[in-house]
Amino acid sequence: MKGKTAILEGSRAVAEAVRACRPDVISVYPITPQTHILEDLARFVSSGQLKSQFVRADSEFSAASIVYGASAAGARAYTASASQGLLLMNEVIYAMASTRLPVVLTAVNRAISAPITIQPDHQDTMSLRDTGALQIHVESLQEAYDAHVQSFRIAEDPEVLLPIFICMDGWVLSHSYEPVTVFPDEAISEFAGTFQPVQKLDPAKPLTYGSYADQDVLMEYRYALMLAQEKAREKIRSVTKEYKEVFGHFDGDLIDTHRTEDAEIILVAMGSMVSTIRAAVDELRAEGRKVGLVKVRTFRPFPEEEIIKACGKAPLIAVLDKSLSVNTGGILATEIKAAFYGNPVQPVIVPFMAGLGGKEVNRRVIKEIVDIACRAGDKQGPRGDTIWMGLDHGFFS
Amino acid sequence: MEVKELHAPGHRACPGCGCAIAVKIILRETGPNTIIVSPTGCLETFTSPIRSSSWEVPWIHSLFENAPAIATGVLAGLNSQGNPNGTKVVAIGGDGGTYDIGMGSLSGMFERKDDILYICYDNEAYMNTGIQGSSATPLGAGTTTTPVTGDSFGKMVEKKDMVAIALAHGVPYVATASIANLADLKKKVRKGMDNPGPAFILMLTPCNVGWGYEPEETVELARKAVETGLFPIVEFENGNMVSALKIRPVPVEEYLKPQKRYQHLFKNDKFEDVLKAIRKKAEDNIKKFGLA
Amino acid sequence: MMDLLLGGVCKAGESKKLETGKWRSFRPVVDRNKCIKCGKCADYCPDSCMEIKEDGAEVNLYYCKGCLICIRECPVKAITKEVEEK
Ligand SMILES: Cc1ncc(C[n+]2csc(CCOP(=O)(O)OP(=O)(O)O)c2C)c(N)n1
Ligand code: SF4
Ligand code: SF4
Ligand SMILES: [Mg+2]
């Protein structure tokens, strides 16, 4: 299908996609850099372009709770947040996932206080990684648009029924302008379908939601989330494939790869950094260096098999993290290392902390990372500890 | 014997639970076309154990601090689908979930003028976690976190005035009700449901475990709370008081003495000032609302 | 998990299978000759286990927890307590 290409702000691209998916209920609470999305949606609703119940919330805790209640009542529900707001939602998201409520949430990634900041990194969504919610990290504005269109169907699939986060880096994606191809609302609505809940709050068939449970079933309900995320894998593959067939765009399913075939070093990353890496990889390839890229698109479900397959026989992997588990290092790197455990091919995995708290990661930094990683085989080279790019050591003396 | 109540028996409330009486009566009035929302607390725990729910109407609990927001969401969800049967949303929460941890969310619900009836069953402490003091615990009442030792006489400050807080939000229907006057409770539930916009009903629901009295005295104590003037039965529409239950005031001691949580006030005259303050509270209420 | 629904959701009114009558140490006994069928005991019973029949109030001992509120609230003292022998 042919769409219309225009220069759009990232937040606007998201709002366009959300509008076309026609959520029944939207509830949001403002936090930088998510505000433009909710302002756009508020305008769409008040001008009649979108027939949703738009509920101003008194906090992110309430916003998440409002979409929770709406979803339990059988409505398609949407919210968006960032940083402190996501952390405030944490308790609600756990319950939402376990109660199997397929809310779509735009997570505009931003670092966590203190010091308070509005700089982007992935610490916020990583803090919610164990909730059971699905997480898709996008690299471009087009992908932000595409992923939102795909998200409702993935989350609301009767075999999945989980909240889904579409994660996009604050500012770099939310506030930048790029050409984005937008498709007619009718076509998008048709693709997104409508929410057909398997159960809901309904006087015609009264059900009890949020019951009290003991050890006989608690582990079982956590395991059910494992199974649902497995189902989500298949669903993400099929929905992204169908999206490609209908709209001609493909941004990857669980992962995406770039020039990995004969690569001797592969960079693994998520989010907007990926597009910087793409450009750096092309430049390095032009210099004759065998560098490739694996984009982790879905952090949950975690694509271990896809990553291993994409890395093939590459002897060296550099993982670029924008989030930290204090004392153990980059969170993506830790999961990648775990994925390779027991694998016949055992590449050297070098973890990098790059872009934490908005620290600049440009092509020069990426090339530096490649150079450092390539020394991993040397005696003086890195030995598994996280390498902090751009860290001001003077700060500590 | 077939039981037709919408709040089924077999629930796990302590024998003589005041909240259980209230819920049964509330559901008689709401009827089946209602979705009930509750925060965490005794009510949630004793009604919802998995595989043995006592709710015959759709019911949802999510967390301790978000019942009003869940209620708003459920209503928005219904409205987004046209709500063809005019299903109502009613929240029933404890004092902890209302006066304390759910206050922000409740304030938001009030301010947005969401068409929800919120009923607080006030047992004046965090009972479900073992009788800790809440901001609804009254002056002089002993709880595990407002202990009675040395010079400490239980709760050292007055309870929060939830009615005033609801009124300050411009909530169009605000009332108090008692489980000792069920016809009045039902009438108020009906009014709260029919009123467009938010409604708030505060009920005092004695808890024999937390207050320390015999289970059979639950209704009698609820009655005494009213008759002393300590729990005035009042009703406001659009900010104006439209009714106040007249009483022939009885001494506050009749209400306080049967309860262990107030026993220290009667051991010696060390806490005479506290008793005086409680008496004054009753008198002030009687004057303020013209109860006598 | 066959009897459970997705996401910890469960069916309505399943508490009715729980025999809370086992908790009781005293049982209320209604004197039908005195009962005026006013329904106060049924209204105040926290456990929905008093029912007003043709010839007076009847306790559902399967659920009655023996709180004795019904005795206290009966206006004509038609209900008395008996020790529950186990
Ligand atoms: C966020 C959070 N904090 C604390 C608790 C523990 N908690 C559960 S119920 C409860 C007390 C509830 O008190 P109230 O609302 O007065 O209801 P009651 O049990 O007295 O009926 C507490 C403190 C919790 N579940 N969640
Ligand atoms: S502790 Fe009190 S409020 Fe809780 S169930 Fe028992 S009697 Fe009811
Ligand atoms: S003793 Fe209590 S539970 Fe039993 S019938 Fe009387 S009021 Fe109901
Ligand atoms: Mg309480």
Side-chain angles (χ1 to χ4, degrees), chain B residues 1-25 27-28 32 36 43 46-62 179-183 185-186 205-209 213-223, chain C residues 1-28 30 38-54 57-75 77 79-81 84:
Chain B
M1 175 163 104
E2 196 199 337
V3 183
K4 294 171 216 86
E5 303 283 355
L6 289 170
H7 187 229
H11 63 72
R12 301 181 196 187
C14 307
C17 174
C19 171
I21 299 174
V23 168
K24 184 187 73 175
I25 299 299
L27 291 193
R28 279 188 190 171
I36 306 284
L43 175 62
F46 76 67
T47 58
S48 81
I50 206 153
R51 297 190 181 96
S52 49
S53 165
S54 52
W55 298 95
E56 301 277 17
V57 291
W59 177 83
I60 181 168
H61 152 256
S62 156
I179 54 164
N181 190 342
L182 300 179
L185 168 61
K186 283 175 78 172
T205 54
C207 159
N208 65 80
V209 177
Y213 65 84
E214 290 305 317
E216 61 187 79
E217 295 170 305
T218 293
V219 177
E220 182 57 22
L221 277 176
R223 192 173 288 127
Chain C
M1 298 234 296
M2 290 308 284
D3 58 329
L4 293 175
L5 303 169
L6 208 62
V9 175
C10 46
K11 290 171 206 145
E14 291 187 305
S15 65
K16 290 199 288 288
K17 61 181 188 278
L18 250 86
E19 191 182 346
T20 49
K22 284 186 180 147
W23 302 9
R24 199 169 54 232
S25 347
F26 294 100
R27 72 159 70 196
V30 182
C38 67
K40 286 222 161 20
C41 54
D43 285 349
Y44 288 120
C45 173
D47 291 275
S48 316
C49 45
M50 270 290 191
E51 204 185 343
I52 309 302
K53 293 276 172 73
E54 276 290 294
E58 185 184 300
V59 191
N60 187 337
L61 290 169
Y62 189 80
Y63 300 119
C64 169
K65 292 174 185 165
C67 70
L68 310 182
I69 288 176
C70 50
I71 297 184
R72 221 16 207 269
E73 296 304 319
C74 174
K77 307 224 173 315
I79 315 173
T80 49
K81 74 172 176 187
E84 187 65 54

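Protein chains get the first letters and strands the later ones, always in sequence-line order, with residue 1 at the start of each.
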Heavy atoms only: give me the nearest B:G10-C:Y63 pair and the separation to one decimal. N-CD2, 3.7 Å
Is B:I25 in contact with chain C via its backbone, its side chain, both, or neither, using a 4.5 Å heavy-atom distance? side chain
Using a cut-off of 6.0 Å, state whether more than 12 heavy atoms not belonging to C:K17 lie near its atom NZ. yes
For B:N181 and C:Y44, which heavy atoms make the closest approach, and how far apart are they? N-OH, 4.4 Å
Relative to chain B, which segment of C:T20 carries a heavy atom at a distance below 4.5 Å: side chain, backbone, both, or neither? side chain
Kindly give the heavy-atom pair with the smallest separation between B:H7 and C:S48, and that separation in Å. O-OG, 3.2 Å
What is the minimum heavy-atom distance between C:S15 and B:A8, and which atoms define it? OG-CB, 3.7 Å
Any chance you could lay out the side chain to side chain contact (heavy atoms under 4.5 Å, CB included) test for B:R28 and C:D43, step after step, and finish with the verdict? CA-CA 10 Å; B:R28 279 188 190 171; C:D43 285 349; 2.7 Å; yes
Once rounded to the nearest 0.5 Å, what's the spacing between atom SG of C:C10 and atom CH2 of B:W59? 8.5 Å
Rounded to the nearest 0.5 Å, how far apart are NZ of B:K4 and CD of C:E51? 4.5 Å
Sequence neighbours left out, what passes salt bridge (Lys or Arg N to Asp or Glu O under 4.0 Å) with B:R223? Give chain and number order. B:E220, C:E73
Here the gap from C:K11 atom NZ to B:S52 atom OG, rounded to the nearest 0.5 Å, amounts to 12.5 Å
Atom pair SG (C:C67) and CD1 (B:I21), whose distance is rounded to the nearest 0.5 Å: 7.0 Å
For C:C64, is it the side chain, the backbone, both, or neither that has a heavy atom closer than 4.5 Å to a heavy atom of chain B? neither
Ring pair (Phe, Tyr, Trp, His ring centres under 6.0 Å) involving B:F46 - partner list, sequence neighbours excluded: B:H11
Quick one: pull up CZ in B:R12 and CG in C:D47 and give me the separation to the nearest 0.5 Å. 13.0 Å
Which heavy-atom pair separates C:P46 from B:A20 by the least distance, and what is that distance? O-CB, 3.5 Å
In this structure, CD1 of C:I69 is separated from CD1 of B:I179 (nearest 0.5 Å) by 7.0 Å
For atom CD of C:E84, is the number of surrounding heavy atoms from other residues, nucleotides or ligands below 6.0 Å larger than 12? yes
